[in-house]
Amino acid sequence: MTKEVRVRFAPSPTGGLHIGGVRTALFNFLYARKHGGKFILRIEDTDQTRFVPGAEEYIIETLKWCGIEPDEGVGYGGEYGPYRQSERKPMYRQYAERLVEAGYAYYAFDTSEEIEAMRNRLKADGNPSPQYNWAIREYMKNSLTLPADEVKARLAAGEPHVIRIKMPRKDEVKFHDLIRGWVSFQTAQVDDKVLLKADGMPTYHLAVVVDDYTMKISHVFRGEEWLPSAPVHVLLYKYLGWEAEMPEWAHLPLILKPDGNGKLSKRDGDRLGFPVFSLDWQTPNGELQSGFRERGFLPQALINFLVLLGWNPGVVQELFSLDELIQLFDIARVHHAGAKFDFEKCKWFNHQYVQRISNSVLADATLKTLAAKNISVDRAYLEHVCGLVKERCTFISDVWDNAFFFFTAPESYDLDAVKPKWTAAKSAFFTDLCNGLNAMQDWSHQSIESHFKELAAAQGIKVGELQMPFRIMLCGGKFGPPVFEIAATIGKSESISRIEKALTAFN
RNA sequence: GCCGCGUUGGUCAAUCGGCUAAGACGCCUCCCUUUCACGGAGGAAUGACGGGUUCGACUCCCGUACGUGGUACCA
């Protein structure tokens, strides 16, 4: 009997959620669903100095928008709460002290100035960032170097201190990663990480292990940036006697900048003109960082794009519903290497999804734009227009730009496109056309088109020569869906009035 | 610097020792359409490098190079 799958997404509420985080959440979600397990949201707010109000709500809203909501956790309840680390503060110290008693950790009283001084002293060309490790700790102020009674006295006096893990001087930590296979580290290479901070809060290292254990997490899927500290976590499971319950690990490849060097960061969006956040995010100092949602992306498209960034089911199909993803998802098929973010491809996915949504949904998205312009239209009319312009919309917010002439008559015309070839005969054609259209009973694009063509034939003018001017009369420029569809949609009187109005501008 | 993890077209990628190396995005050409788009048909473009192992290596091993992550009382 295999243990219940319980995975968690554990972001820290320090700002907007960037797409790397969304992808991590997605992989967790898919795995949980695929294996009938639970997807948990835990908030890692152990750094009070970095806490940003609103960030937590933002994270929840993002997951909701994406359709990958947690089963348990902050905002969702559950039996293993609280799910906010700040609210779990009292429980961490006992574990840290247990480690000290067992000799796996120690108290350290060094001030940050003293550590800084140590680093400066030891900094050399060959060692630009000295670590507080097995060698250095001998020379620092901690319970390993200080006499026991002095340690006791300092503790009793309430002197600020941290608890650090005592990394073995010579050992190898080996663990299995679902994506990368066996990974091993020499403990001499990793430093004595702080487990419990002077303010009594745990660091990430202690908190993840304690929380994952107490919340019965079965699998930990997190970004590759955690790989170097994984040996600390593995050792902690061992030292705490939880080795048998240690979750399985999977370190996800990073999402990289499109133009090389480095992982995608918040700044890249502004720099390269695309969103990196899921939703718009207003930073505490008033800066607005744009999100995929506000940019006109459909959540299904973002999900589809992100899931394929670092994972591939090995089939030719590439448009997948969430249900299909759940069926196909396999953590072992996740790539080892980081993937560059490709905004063009991301847009392509969105375009694909825009083609698949109903006109009604598109209409809803367009309503706001129309309202802002004080335009009120008939619902059926709007939906029909959406259907006509859909194929040229990449974003749901593109409707207006592709359809404005359905709501308002052109103010000006692309005269360069008509003037050079404009003739009195053509002018006469359009005057006659108005009369003809006016007399039509069946106002469908088919009958408009046949009447148009018959008239052109009767007057000996090539249809092609006439269609462009007609289009410009109705839309103002060289764009839009088929002309006769436009005429049919805006209606008889509107069509005629636009032709007449344009005629004065053309002549 | 040290440690870890990587490396198939410009990008996302398939391949699990038999490759004439899929597919998609983007790009280019043509067709459709006298707008734009959609659609269709083509095209250019890929195994970092050097050594092994093997009848055979993109696939396995070792080096080198390069990229990337970590090296905080941040996560």
Side-chain angles (χ1 to χ4, degrees), chain A residues 10-14 44-47 49-50 85 108 110-112 115-116 119 123-133 160-164 177 179-180 183-186 188-191 193-205 207-208 222-231 251 253-254 256-263 305 308-319 333 335-349 351 355 389-394 402 414 417 462-468 470-472 475 477-483:
Chain A
S12 42
T14 53
E44 311 226 321
D45 55 350
T46 53
D47 187 351
T49 62
R50 294 214 306 162
Q85 291 182 331
D110 317 273
T111 63
S112 38
I115 291 174
E116 175 81 356
R119 291 223 166 89
K123 215 174 272 184
D125 272 358
N127 186 10
S129 51
Q131 298 185 317
Y132 199 121
N133 61 13
H161 63 277
V162 301
I163 292 178
R164 308 185 87 112
D177 183 286
I179 296 171
R180 293 155 211 279
V183 181
S184 69
F185 289 84
Q186 292 302 321
Q189 297 296 335
V190 355
D191 60 342
K193 292 268 181 260
V194 169
L195 263 20
L196 198 76
K197 305 190 253 189
D199 64 3
M201 276 289 199
T203 57
Y204 173 84
H205 308 294
V208 242
R222 59 198 342 180
E224 196 189 339
E225 69 269 28
W226 291 111
L227 200 46
S229 49
H251 293 270
L254 269 11
L256 274 14
K257 298 177 198 293
D259 55 351
N261 15 68
K263 56 176 176 178
F305 168 72
L308 258 16
L309 214 51
W311 171 77
N312 189 290
V315 296
V316 174
Q317 179 187 352
E318 52 186 345
L319 258 21
R333 284 191 68 97
H335 264 245
H336 301 185
K340 286 184 183 168
F341 177 83
D342 180 356
F343 192 50
E344 290 306 317
K345 183 116 189 200
C346 188
K347 286 197 291 193
W348 177 80
F349 274 105
H351 182 259
Q355 303 322 301
V389 301
K390 205 190 232 177
E391 69 190 26
R392 58 211 83 203
C393 293
T394 293
N402 286 295
D414 181 354
K462 279 196 278 185
V463 180
E465 301 263 309
L466 263 10
Q467 281 196 55
M468 185 53 78
F470 189 29
R471 167 177 299 284
I472 292 171
C475 317
K478 296 194 279 190
F479 40 70
V483 239

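Below, read A as the first sequence line, B as the second, and so on, with proteins coming before strands; counting in each chain starts at 1. Remember, it's a predicted structure, so these values are computed and weren't measured experimentally.
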A/F305/A/F343 aromatic ring centres below 6.0 Å:
no

Which pairs, protein N/O on one side and nucleotides 22-28 of chain B N/O on the other, fall under 3.5 Å?
| from | atom 1 | to | atom 2 | distance (Å) |
| --- | --- | --- | --- | --- |
| B/A24 | O4' | A/E318 | OE2 | 2.9 |
| B/A24 | O2' | A/E318 | OE1 | 3.4 |
| B/A24 | O2' | A/E318 | OE2 | 2.6 |
| B/A24 | O2' | A/K345 | NZ | 3.2 |
| B/A24 | N3 | A/K345 | NZ | 3.0 |
| B/C25 | OP1 | A/W348 | NE1 | 3.4 |
| B/C25 | O2' | A/K345 | N | 3.4 |

For B/U68 and B/C73, measure between their P atoms and round to the nearest Å.
26 Å

Inter-nucleotide C1' distance (B/C12, B/A45), Å rounded:
15 Å

Is the phosphate of B/C73, meaning OP1 or OP2, less than 4.0 Å from a side-chain N or O of A/R50?
no

Name the nucleic acid region contacted by A/Q186, choosing base, sugar-phosphate or nothing; use a 4.0 angstrom heavy-atom cut-off, strictly under.
nothing

If every non-hydrogen atom of A/E224 is compared with every non-hydrogen atom of A/H251, which pair is closest and at what distance?
CA-CB, 4.2 Å

Can a side chain N or O of A/T46 be found less than 4.0 Å away from OP1 or OP2 on B/A75?
yes

When pairs are called at under 3.5 Å and a stem needs at least three consecutive Watson-Crick or G-U pairs, the stems of RNA chain B are B:1-7 with B:65-71, B:10-12 with B:23-25, B:27-31 with B:39-43, B:48-52 with B:60-64

By nearest atom, which of the nucleotides B/C73, B/C5, B/U35 is closest to the A/I115 side chain?
B/C73

Could you check how far CD of A/Q189 sits from P of B/U71, rounded to whole Å?
14 Å

Would you mind reading off the distance between A/H336 atom NE2 and B/G4 atom C1', rounded to a whole angstrom?
15 Å

Classify A/D110 by what it touches in the nucleic acid, base, sugar-phosphate, or nothing, heavy-atom distance under 4.0 Å.
base

When the P atoms of B/C27 and B/G17 are compared, how many Å lie between them, rounded to an integer?
37 Å

Using the 3.5 Å cut-off, write out each protein N or O paired with an N or O of nucleotides 65-70 of chain B and the distance between them.
| from | atom 1 | to | atom 2 | distance (Å) |
| --- | --- | --- | --- | --- |
| B/U68 | OP1 | A/N261 | N | 3.0 |
| B/U68 | OP1 | A/G262 | N | 3.0 |
| B/G69 | OP1 | A/K263 | N | 2.8 |

What's the gap between B/A48 and B/G56 when it is taken at their C1' atoms, as a whole Å value?
23 Å

Between A/N127 and A/P481, the residue closer to the 5' end of RNA chain B by nearest nucleotide is A/N127

Please check the phosphate of B/A72 (OP1 and OP2 only) for any side-chain N or O of A/R119 closer than 4.0 Å.
yes

